[in-house]
Amino acid sequence: MKLFLSTIQWLVFILAGSLVAPLAVGNVLGLPPEEIASFMQRTFLLIGVSALLQTLFGHKLPMMEGPAGLWWGVFVVYAGLIASGSLALTDGLRQLEMGMLITGGLFLLLGAMGWIGKIRKLFTPLVTGTYLIILVAQLSGSFMKGLFGIGYLTDEVDVRVALPAFGVLLIAMLLPRSRFGFLRNYSVLISLLAGWLLFIALGIAPEVLPAASAFDIPGIFEWGLPQWDAGVLPTSILIGLLLLANLIASIAVVEKVVAKSQPDMPPVDYNRTSLIMGVSTALGGVFSAMGCVPISGTAGFMLTTGLVKRLPFILAAAGIALVSFFPPVTAVLTSLPMPVGYAVIFIPFASMIGLALREYQSLQGGDRDFFIIGVSLMIGIGSLFVPAQAIAHLPGLIRTIANNGLVLGMLVCILLEQLFIYREKAALRGKDGTNASS
């Protein structure tokens with residue numbers, strides 16, 4: 001029974017964290033409801049398969065896979081080109097397939113050459129802590145809009161949605177602190193079921209769309225065969241490098257949480273992880289879905305629920321993949337009210353601030369580290385408030401970085417820390433040379 005409930009809770013967490021991106025992308029691309037449902041079906045398959053591959057053969061951690069925010073941004077950029085009439089919908093979708101195939105190939109190359117270990121050295125506690133704070137800051141806007149019901153039934157704050165959503169959030173905050181172990185361990189599952197039933201009772205839950213068939217195998221290249229474009233290659237390489245940074249930072253966070261309860265856990269093989277990431281990203285292109293990446297929010301979920309064992313997660317990942325073959329089940333799952341989803345996973349994501357502060361506690365650099373943190377956070381979080389239309393005229397590569405505060409802040413943090421390290425080493429070499437000559 002415990003294994004069953006733990007598996008269901010993992011399933012709920014994966015579901016709640018995976019619905020927003022494909023729904024939002026499908027709408028911004030102007031896809032009809034039946035195509036959005038099919039897109040969601042293929043994305044579920046990719047999420048489940050990617051998680052199984054990584055947990056069994058890659059990093060071997062119980063770590064949720066989800067649509068990457070960077071791919072979300074790229075899809076939105078292409079949606080803008082399509083809406084402006086400068087690119088046909090079919091051509092844009094086929095180019096996105098090609099982009100994911102190229103990025104997958106880059107991950108395979110980096111993993112095969114054994115270069116990931118060298119890159120990983122850049123992700124110090126300073127960088128990891130800064131990454132987590134900017135990540136929470138970037139997500140906080142979406143969470144608060146979701147809780148206030150903005151974009152759910154109307155484009156304004158909706159009291160009918162906000163009051164029950166914050167009620168569910170209150171339940172999700174209290175249950176992990178209950179003196180009853182059952183309520184603590186399954187707080188996410190209980191909160192979601194209570195919220196879903198509450199929204200149904202209030203008549204504000206989405207209707208379950210009818211499925212075209214009871215069983216359906218997700219197809220490949222549903223958008224057509226991949227299409228080459230000169231701008232796809234540089235964009236895909238940049239996205240791959242940025243996703244690699246995201247991958248390393250996310251795994252570092254989850255690895256530390258798991259290691260506390262499993263001190264004999266073997267270290268993560270990052271080169272093998274990159275190889276699996278290459279396979280799963282390429283499958284995103286093959287299945288015309290959104291490329292996935294390990295989600296660092298898994299660490300917050302583990303801290304909230306205490307679930308760190310692999311078996312329940314493996315079963316949940318297999319369940320998500322299996323669901324994709326049954327459109328009626330997918331239709332039911334996609335009827336989950338998004339405000340409830342945001343309320344349920346609010347606490348796991350908020351707890352990542354605590355992880356960031358623990359990373360900072362291990363720092364030894366004093367004022368130097370405080371300077372780097374301040375500058376990185378100002379640039380990373382500040383760029384989140386720059387309107388997308390203000391940078392629309394910039395070249396594609398620059399726009400991709402400038403439009404993502406998480407990536408920009410993390411890159412600034414890495415560059416500043418490496419610059420200070422280089423200067424300190426140069427000063428030491430100069431001092432040793434002076435002493436030797438004297």
Side-chain angles (χ1 to χ4, degrees), residues 54 58-61 63-65 68-70 103 106-107 110-111 113-139 237-260 265-278 281 293-300 302 352-365 368-377 379-381 401 404-422 424-425:
Q54 285 289 12
H59 52 61
K60 298 188 177 181
L61 296 170
M63 190 171 182
M64 169 189 164
E65 292 271 331
L70 282 168
T103 303
L106 176 63
F107 277 115
L110 293 174
M113 298 298 290
W115 292 341
I116 308 300
K118 298 177 181 177
I119 299 174
R120 185 193 167 212
K121 294 178 182 178
L122 299 174
F123 291 84
T124 62
L126 181 64
V127 175
T128 304
T130 302
Y131 164 83
L132 287 172
I133 289 180
I134 300 177
L135 174 63
V136 174
Q138 187 174 46
L139 293 173
I237 292 175
L238 176 64
I239 291 296
L241 294 175
L242 297 179
L243 284 175
L244 178 61
N246 188 302
L247 171 74
I248 295 173
S250 297
I251 291 176
V253 173
V254 175
E255 186 179 16
K256 289 181 180 179
V257 174
V258 175
K260 288 182 179 179
M265 179 188 71
V268 171
D269 186 329
Y270 281 84
N271 291 313
R272 189 172 59 214
T273 300
S274 179
L275 290 171
I276 299 299
M277 181 76 173
T281 303
V293 67
I295 303 298
S296 53
T298 308
M302 290 176 171
M352 287 193 293
I353 290 291
L355 294 175
L357 296 179
R358 290 192 188 99
E359 292 289 320
Y360 285 159
Q361 285 178 345
S362 66
L363 299 178
Q364 305 283 331
R368 183 203 75 176
D369 289 341
F370 295 146
F371 171 79
I372 296 173
I373 291 170
V375 172
S376 302
L377 293 180
I379 292 176
I381 296 177
I401 297 177
N404 193 310
L406 176 62
V407 170
L408 185 59
M410 187 167 57
L411 289 177
V412 168
C413 188
I414 291 173
L415 291 173
L416 284 177
E417 184 178 32
Q418 293 304 312
L419 176 61
F420 274 102
I421 291 174
Y422 175 80
E424 290 168 1
K425 288 182 177 179

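In this chain, residues are counted from 1 in sequence order.
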Margin query: How long is the straight-line distance from CD1 of I421 back to CG of L416, given to the nearest 0.5 Å?
Written below: 11.0 Å

Checklist line | Between OG1 on residue T298 and CG on residue L61, distance to nearest 0.5 Å | finding: 9.5 Å

Next item on the list: Dump the intermediate steps for side-chain contact (heavy atoms from CB on, under 4.5 Å) on L363 and R368, then the final yes or no.
Entry: CA-CA 10 Å; L363 299 178; R368 183 203 75 176; over 6 Å; no

Check: Do the side chains of M265 and K60 get nearer than 4.5 Å, heavy atoms only?
Finding: no

Note to self: When you measure from the side chain of T128 to the backbone of A249, do you find a donor-acceptor pair of N or O atoms at a distance under 3.5 Å?
What the structure shows: no

Margin query: Before you tell me yes or no, could you show the steps for N246 and L406 under side-chain contact (heavy atoms from CB on, under 4.5 Å), namely the whole-Å CA-CA distance, both residues' side-chain angles and the distance that decides it to 0.1 Å?
Written below: CA-CA 9 Å; N246 188 302; L406 176 62; 4.2 Å; yes

Notebook entry, point to check: Applying the side chain to side chain contact (heavy atoms under 4.5 Å, CB included) test to S376, which of L126, I414, T130 qualifies?
Noted result: T130

Item checked: Over all atoms of both residues, closest heavy-atom pair of D369 and Q364 -> OD2-N, 3.9 Å

Notebook entry, point to check: Closest approach of Q54 and M277, non-hydrogen atoms and distance?
Noted result: NE2-N, 3.5 Å

Notebook entry, point to check: So how far is it from I276 CD1 to N271 CG, rounded to the nearest 0.5 Å?
Noted result: 12.0 Å

Next item on the list: Evaluate the side-chain proximity of I373 to I133: yes if any heavy-atom separation is below 4.5 Å, no if none is.
Entry: no

Check: How far does CD of Q418 sit from SG of C413, to the nearest 0.5 angstrom?
Finding: 10.0 Å

Check: Which atom pair, heavy atoms only, marks the closest approach of T273 to G58?
Finding: OG1-C, 3.6 Å

Check: Quick one: does I134's side chain get under 4.5 Å of M410's, heavy atoms only?
Finding: no

Notebook entry, point to check: Would you call F420 and F371 a side-chain contact if the rule is heavy atoms closer than 4.5 Å?
Noted result: yes

Notebook entry, point to check: Can you name the nearest heavy-atom pair linking I116 to I248, along with the distance?
Noted result: CG2-CD1, 4.2 Å

Margin query: Is the shortest side-chain heavy-atom distance between L244 and L106 below 4.5 Å?
Written below: no

Notebook entry, point to check: What closest approach, in Å, do M352 and G297 show between heavy atoms, and which atom pair accounts for it?
Noted result: SD-CA, 3.6 Å

Notebook entry, point to check: If only atom types and distance count, is the side chain of S362 paired as donor or acceptor with the main-chain N or O of E359 below 3.5 Å?
Noted result: yes

Notebook entry, point to check: Do you know the tightest heavy-atom contact between V253 and A299?
Noted result: CG1-CB, 3.6 Å

Check: Roughly how far, to the nearest 0.5 Å, is CG of L247 from OH of Y270?
Finding: 8.0 Å

Check: Hey, are the side chains of P294 and V254 touching, using non-hydrogen atoms and a 4.5 Å cut-off?
Finding: no

Note to self: Nearest 0.5 angstrom please: M64 CE to M302 CE, how far?
What the structure shows: 12.0 Å

Note to self: If you define the side chain from C-beta out and look only at heavy atoms, does anything of R358 sit under 4.5 Å from K256?
What the structure shows: no

Next item on the list: Report yes if the side chains of I295 and V293 come closer than 4.5 Å at any heavy-atom pair, otherwise no.
Entry: yes

